[in-house]
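The structure appears below as structure tokens.
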Amino acid sequence: MNLTLTSAIALGATTLFAAPALAQDASGTGEDIVVTGVRASLRSAADQKRNAAQIIDAITSEDIGKFPTENVADASQRITGVQITRTRGSGTGVSIRGLPTDFTRVQLNGSTLSSAIVDLRGGGAGGNIGRAFDFRLLPTEFVSAVEVTKSQTAEMQEGGLAGTINVKTVRPLELGKTTAVGSLFGVWNSNSGKTTPQASGLFSTTLADGRLGVLVAGGYSRDRTETHSVANVGWAVTSEATLRQDLNGDGDRGDRFNIPSQIRTEIAREDRKRTVLTSVLEFQATDSVKLYAEGFYSKFDIEVESLENLHIFTGATGGVYDPSSTRFTTIDGIDPAQLAYGIPYATNLGLTNTDVRANDRINDSAAKTYYGKLGADFKNDAWSGEVSFAYSKSDQVGDNLNLAQIQRFQVAESCQAGQDICGISLSPESQARYLDPAQGVVASLNGAFGRKTYDRVNELKADLRHEFDNGWVRRISVGGVASWRKTFADATTLVVPASALASLAGLSRSTVQASGWGLGSYTQLVEASRGGFLGAYNGSEPFPTSWRASDTRALLAAIPREQLAAVPGAIQENLSSVVDVRERIFAGYAQLDFGSSDERISGNIGARIVSTRETAAGVAPDLTGLVVQSETGGTVTVPPAGAVAASNSYTKLLPSANLRFELTPQVILRAGFSRTLSRPTLTQLSPSTTVSGGGGNYTITAGNPELQPFISTNYDLTAEWYPNRDTSVALALFAKDLSTLVRSETDSVTLPVTFYTASTNTNVLRDQVFQRTRPVNAKGVKLKGFEVGYQQVFTFLPGPLANTGLQANYTYISNSDPDVLTAASKNNFNVSGFYEDSRIALRASYTWRDKFVSSGLPGGYGGLGVTTQARGNLDLNVTVNVTSQISVIFQGTNVLDNADKSRTTLGDLPVDYYDVGHQYMLGARFRF
């Protein structure tokens, strides 16, 4: 990978310095010529960077309705210093310079866009609702530019500790003429073998002698993907006394071990449908005043059928362990506060009568997002300003229901250091029964049921500026914003026991497990839709390639929701998982822009003061009333929780300064200083407390509404060289000093617990130690690094080679706490090569991201932490211009079929392996 980057930079440097004529334009005359497509996009992005008052990078559309990729996040990863995170292969979040996605502020035309989209598969309060924007909401067909600002100014809205991404959409008065653009594509996924449609249309015109601009646009897309995965859900401390077995054969039952909780093979079939409508109305009322209104609507339907196959090694009853096939590994470095500290890991384990649950989990949700904004801009000779009000709301309702079954097989696991997956193998006898539909019995129908999340944001902004003609002071700006946000996520669950399901569905007693109810016709054979399961994997560990799962969809089709909900006790509300947070923000700023008379020196200095007040509601149980059931695995019973509420407020001063120095007409130097702020996640602010556990291991999990925000002091230096409009080279040095991070603090608390023995009806009160985990403001982190960016069109080369070009960038990131800070990949690079003439455009883009921590120490993943492994991604794009109005486009994503992999930070044990396949698009674009 590094050789590839080095070669690309060497090629660029050789061609750059070998061409003295580059100071002229492509025509060789020094005069401007009209360019379009990729070259125009690169020029526009370079111009924005060159002329900006602070340090920014940008990517712009190649034409109206034509962005380099179909996803804004996927396009952003080509910007220097930007990395993305993915959900089942699709770009969903953006990191800047190695900081988590929650530290990136995302705006739509300068305003906040709410997002209630959560992955219900994640559990909890409708998943993990947070501040990070889900980029799947936003199609690229309406985007004109994506600007990434890396050095803050006082007039910029706070919240982007790492940086701010502003997604700018097409504006009718900027187009200045009647334009109609449309596209129609077919999208094919290699794992699912399915082809789905994607269509969009945009119409813009001007009226009233060009003073009134109207734009309307809409789009529909459907993606049917299939993700194959193997996951080690986690490790659990288990005692020999609980198992009632001498696992290591030392003659006693006094030892404890870390055993895999579950190893899961899974095929996730995802069907995503997105409908988007947007409109803009602009009116140039006078030469000085422009009024505008804009709106955005998105409906995002997602259905994920997770055909999971859980091999449960702890937490289920009936299994008999085989000491002869068990091997243990000791892992050093685990924090002493963790339950796993000093306890060996069973990296090889054999289990007879294993509880295997091949389930069909249906994650079906629909999210709607509304955004509206009214504003006015005015400008005369000396004064200018804007005022706007934006309202955004997002709602999601969804289920995550699962017809759980229990099967019994003899299973062996192998979780070896350095391997990509945990291996699963079956005995010959179990293999013979593995696909028999009669093997399973119903456990329950369970999961999220009608679960609701919503996010509301009201934002009022005002800015006023005064320009000066003479002297160093060029402009004075003042302004502010008032923002009100309300976020809520419930935790409604449906649990229908086997006996009630048997009555509703007419199930019979199992012929294999006499104490249970058979699944009847509600089973299905699970195998890859196309090719083999986990086709991207080339290792040696064994795993099942097909299995017999339950059929939740068929059951839900046969039994109405009302009947399921009517089962006594079926509807449950886990109040301790509810998120209910309100946030009020008032901010004001003052900024002074300065510059020399010859424009070679310019910059700004200012400060922003921000007042935040947060209120959160939740529940907490009486921790003096805990009861442990001694004869049922030592499970803990928690008394009903009572309502709690908390509030927090803080005021922060955020100074900033930026200096721009034009060393020569082609060389620009910049320096930036700022303090930036991001707030804790919404789930961390919840005051709720939960208690769980069994078998001697008991935990308390709590939120912390008193969390303070993250504050970073930032320093930036850049040097930029623009020898001509088609060439640029940039070097940036940066350092960030985060005064605090929110870390999971783990300690031990001793509580009085009643131990109840049902067989003798006795109660014994004694002290019990609980492991308590909660987020706290703790030690910060120092982060530093550098970026190199280069782009060039090789116009000096002969013949068709004059239409080729290269775009490349590299980012190096170092941080003082590499096992704790998430998202910080040390090495990152992008290389894009292209060819473009009037008939055809070819582009190949390769993005590589080094490994990064995705769950930090000391508490992540039971004390082991998780590191996502390095990954490359190759995308291809071919455009053929049939006429000046019609183009045929082919696009390939993840062409090399690379998989997403993660392993533990300590011990290097396998965690997750996701094979997302690759995707191709073929279609046409029309412009009139």
Side-chain angles (χ1 to χ4, degrees), residues 105-116 131 133 137-138 142-144 147 149 153-160 164-174 211-217 276-286 288-298 368-380 383-395 454-465 477-488 581-591 608-615 677 679:
R105 176 173 175 79
V106 180
Q107 301 179 152
L108 178 64
N109 294 324
S111 296
T112 303
L113 186 64
S114 60
S115 177
R131 300 182 187 275
F133 179 76
L137 272 178
L138 205 58
F142 317 139
V143 175
S144 63
E147 294 179 345
T149 303
T153 63
E155 62 186 355
M156 292 177 58
Q157 198 163 341
E158 77 291 336
T164 297
I165 295 179
N166 187 32
V167 181
K168 301 174 70 174
T169 59
V170 180
R171 316 298 286 185
L173 290 184
E174 289 180 4
R211 302 178 75 89
L212 177 65
V214 180
L215 181 147
V216 292
V276 175
L277 297 173
T278 186
S279 60
V280 181
L281 180 67
E282 294 182 300
F283 178 50
Q284 193 71 48
T286 69
S288 302
V289 178
K290 181 175 72 174
L291 308 176
Y292 65 89
E294 60 186 68
F296 174 83
Y297 166 80
S298 172
K368 296 180 180 180
T369 301
Y370 304 86
Y371 163 85
K373 184 176 180 182
L374 297 173
D377 301 344
F378 72 93
K379 181 177 177 59
N380 60 22
W383 293 92
S384 64
E386 300 93 27
V387 61
S388 66
F389 175 77
Y391 169 73
S392 179
K393 73 171 184 176
S394 184
D395 303 89
Y454 67 77
D455 188 28
R456 305 278 192 274
V457 180
N458 295 304
E459 206 166 67
L460 178 64
K461 285 185 178 182
D463 300 275
L464 181 64
R465 295 178 290 272
S477 307
V478 294
V481 60
S483 176
W484 299 266
R485 185 170 200 161
K486 181 178 180 181
T487 305
F488 177 84
V581 178
R582 301 189 183 199
E583 195 169 66
R584 184 218 63 192
I585 300 167
F586 295 124
Y589 76 89
Q591 179 174 309
R608 188 176 190 90
I609 187 166
V610 183
S611 172
T612 304
R613 178 174 176 80
E614 296 158 339
T615 59
L677 171 153
R679 299 175 178 88

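Scope of the values below: all heavy atoms of this structure, side chains included, with no hydrogens, waters or symmetry mates.
Here the CD atom belonging to E155 is positioned 10.5 Å from the NZ atom belonging to K461, to the nearest 0.5 angstrom. Once rounded to the nearest 0.5 Å, the distance linking CG of L460 with CZ of F586 reads 9.5 Å. Here OG1 of T487 is found 10.5 Å from CZ of R582. Values are rounded to the nearest 0.5 Å. The distance from the CD atom of Q591 to the OG1 atom of T153 is 5.0 Å, given to the nearest 0.5 Å. Rounding to the nearest 0.5 angstrom, the gap separating the CG atom in D455 from the NZ atom in K393 is 12.0 Å.
Minimum interatomic distance between G295 and T278 (heavy atoms only, all atoms of both residues): O-OG1, 3.0 Å. The two residues T164 and G160 have their closest heavy-atom pair at OG1-CA, 4.3 Å. A pairwise comparison of heavy atoms in Y292 and S388 identifies OH-CB, 3.6 Å as the closest pair. The shortest non-hydrogen separation linking A217 to F142 is CB-CE2, 3.5 Å. Scanning both residues, K373 and G110, for their nearest heavy atoms gives NZ-C, 4.5 Å.
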query = Would F296 and T169 satisfy side chain to side chain contact (heavy atoms under 4.5 Å, CB included), going step by step from the backbone distance to the final call?
reply = CA-CA 11 Å; F296 174 83; T169 59; over 6 Å; no
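In this structure, Q284 contributes its side chain and T286 its backbone to a donor-acceptor pair below 3.5 Å. Under a 3.5 Å cut-off, the side chain of R608 and the backbone N or O of M156 do form a donor-acceptor pair.
Listed by chain and number, the residues in a salt bridge (Lys or Arg N to Asp or Glu O under 4.0 Å) with K168 are E147 (sequence neighbours excluded). Applying the salt bridge (Lys or Arg N to Asp or Glu O under 4.0 Å) rule to R211 yields the partners D287; only residues at least two apart in sequence or on another chain are considered. Y454 is linked by a side-chain hydrogen bond (donor to acceptor under 3.5 Å, both in side chains) to K486, counting only residues two or more places apart in sequence or in another chain. In this structure S394 satisfies the side-chain hydrogen bond (donor to acceptor under 3.5 Å, both in side chains) test together with T369, sequence neighbours excluded. With sequence neighbours left out, the side chain to side chain contact (heavy atoms under 4.5 Å, CB included) criterion links S279 to V216. With sequence neighbours excluded, the residues satisfying side chain to side chain contact (heavy atoms under 4.5 Å, CB included) with L281 are L212, V214. Judged as a salt bridge (Lys or Arg N to Asp or Glu O under 4.0 Å), and not counting sequence neighbours, D463 has no contacts. Applying the ring-ring contact (aromatic ring centres under 6.0 Å, His included) criterion to F389, with sequence neighbours excluded, gives no partner residue. Remark: V478 pairs with L464, A590 by the side chain to side chain contact (heavy atoms under 4.5 Å, CB included) rule, at least two apart or across chains. Partners of F378 according to the ring-ring contact (aromatic ring centres under 6.0 Å, His included) rule, which considers only residues two or more places apart in sequence or in another chain, do not exist here. Contacts of I585 classified as side chain to side chain contact (heavy atoms under 4.5 Å, CB included), with partners at least two apart in sequence or in another chain: E158, S483, E583, V610, T612, R679. The salt bridge (Lys or Arg N to Asp or Glu O under 4.0 Å) test applied to R171 returns E282, E294, not counting sequence neighbours.
With R105 as reference, T112 is the one residue of N166, T149, T112 to meet the side chain to side chain donor-acceptor pair (under 3.5 Å) rule.
With respect to R465 and E386, a salt bridge is recorded, a charged nitrogen being found less than 4.0 Å from a carboxylate O.
Aromatic ring orientation, Y370 versus Y297: tilted (interplanar angle from 30° to 60°).
Looking at heavy atoms from C-beta onward, S114 lies out of side-chain contact with Y371 at the 4.5 angstrom threshold.
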